[in-house]
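Structure first, then comments.
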Amino acid sequence: MNTDNMEVIMGLIMEGGNAKGFAVEAIRAAKQNDFSAAKDFLDKSNESLSKAHNVQTNMLTKEAQGQPNEVNLYMVHAQDHLMTAITFRDLAQEIVELYEKIVEKN
């Protein structure tokens, strides 16, 4: 595996990890009724996912241009990490909204 591929893979893993971490922090902030901080953490999560999405888009573009990407266990792990982060961010957003509704009703 060449260095460029490993950098791409590590970037996906890093941004996915950052996105998931920010989503966790959003839930924790909402739990403390700090909805401003929760929304800031969700925004940061979205920024990390956007960076990862750009990496994926570049990979897909190269593939479409006839430059195949090497698929190995590292790449599979990176994609899995990213998809988990996306799902977690979506769930965190719902949880933050639920906490807000609970506070509004009380």
Side-chain angles (χ1 to χ4, degrees):
M1 176 184 326
N2 69 38
T3 305
D4 289 340
N5 284 347
M6 190 52 105
E7 285 181 23
V8 166
I9 289 167
M10 295 311 292
L12 289 173
I13 292 170
M14 182 186 72
E15 294 301 346
N18 288 342
K20 185 177 176 193
F22 289 134
V24 168
E25 291 301 321
I27 293 170
R28 288 182 180 149
K31 201 172 184 180
Q32 300 298 318
N33 297 334
D34 188 350
F35 301 110
S36 176
K39 289 177 182 174
D40 287 343
F41 282 121
L42 287 173
D43 287 343
K44 289 179 182 179
S45 181
N46 287 331
E47 288 172 21
S48 289
L49 289 175
S50 179
K51 290 176 186 176
H53 178 71
N54 289 339
V55 170
Q56 277 188 320
T57 300
N58 288 337
M59 291 170 54
L60 290 169
T61 300
K62 286 180 182 178
E63 189 86 25
Q65 294 171 342
Q67 303 170 20
N69 295 290
E70 182 180 347
V71 178
N72 54 39
L73 192 54
Y74 294 115
M75 182 61 76
V76 171
H77 176 68
Q79 293 295 324
D80 181 53
H81 207 64
L82 183 57
M83 294 309 297
T84 301
I86 291 169
T87 302
F88 202 92
R89 185 272 327 262
D90 292 345
L91 184 58
Q93 189 167 343
E94 294 297 322
I95 291 171
V96 168
E97 289 175 12
L98 285 172
Y99 273 117
E100 277 186 304
K101 285 182 181 183
I102 289 169
V103 167
E104 286 173 5
K105 288 187 178 186
N106 291 329

>> I need the minimum non-hydrogen distance between Leu12 and Ala78, along with the two atoms involved.
In response: CB-CB, 3.9 Å

> Would you say Val8 and Met59 make side-chain contact, with heavy atoms under 4.5 Å?
Replying inline: yes

>> Which heavy atom of Ala38 sits nearest to which heavy atom of Ala30, and what is that distance?
In response: CB-N, 3.9 Å

>> With rounding to the nearest 0.5 angstrom, report the CZ to CD distance, Arg28 to Gln32.
In response: 10.5 Å

> With respect to Asn46, which candidate in His53, Gln93, Arg89 satisfies the side-chain hydrogen bond (donor to acceptor under 3.5 Å, both in side chains) definition?
Replying inline: Arg89

> Do the side chains of Leu91 and Ile86 join up, straight or via other hydrophobic residues, at under 4.5 Å, putting them in one cluster?
Replying inline: no

> Measuring from Asn2:CG to Glu70:CD, what's the distance to the nearest 0.5 Å?
Replying inline: 7.0 Å

> Roughly how far apart are Asn69 CG and Asn58 CG, rounded to 0.5 Å?
Replying inline: 10.0 Å

> With hydrophobic residues grouped by side-chain heavy-atom distances under 4.5 Å, do Phe22 and Ile95 end up in a single group?
Replying inline: no

>> Would a single hydrophobic cluster contain both Met14 and Phe41, if residues Ile, Leu, Val, Met, Phe, Trp and Tyr are joined by side-chain heavy-atom contacts under 4.5 Å?
In response: no

>> Ignoring hydrogens, what is the shortest heavy-atom contact between Leu42 and Ala92? Give both atom names and the distance.
In response: CD2-CB, 4.1 Å

> Does OH belonging to Tyr74 count more than 12 external heavy atoms closer than 6.0 Å?
Replying inline: no

> Below 4.5 Å, heavy atoms only, C-beta onward: do Asn72 and Asn5 meet side chain to side chain?
Replying inline: no

> What's the verdict on side chain to side chain contact (heavy atoms under 4.5 Å, CB included) for Ile102 and Asn106, showing C-alpha distance, side-chain angles and the deciding distance?
Replying inline: CA-CA 6 Å; Ile102 289 169; Asn106 291 329; 3.7 Å; yes

> Which atoms form the tightest heavy-atom contact between Val24 and Phe88, and what is the distance?
Replying inline: CG2-CE2, 3.4 Å

>> Please give me the minimum heavy-atom distance between Pro68 and Glu63, naming the atom from each residue.
In response: CA-OE1, 3.4 Å

> Quick check: does any side chain N or O of Thr84 sit under 3.5 Å from a backbone N or O of Asp80, one acting as donor and the other as acceptor?
Replying inline: yes

>> With rounding to the nearest 0.5 angstrom, report the CD to CG distance, Glu47 to Asn18.
In response: 11.0 Å

> Got more than 12 heavy atoms from elsewhere within 6.0 Å of CE, Met10?
Replying inline: no

> If you take all heavy atoms of His81 and Gly16, which pair is closest and at what distance?
Replying inline: CD2-C, 4.1 Å

> Hey, quick one: are Met83 and Val76 part of the same hydrophobic cluster, counting side-chain heavy atoms closer than 4.5 Å, chains of contacts allowed?
Replying inline: no

> Roughly how far apart are Asn54 CG and Leu49 CG, rounded to 0.5 Å?
Replying inline: 11.0 Å

>> Quick check for you: to the nearest 0.5 Å, what is the distance between Tyr99 atom OH and Ile27 atom CD1?
In response: 8.0 Å

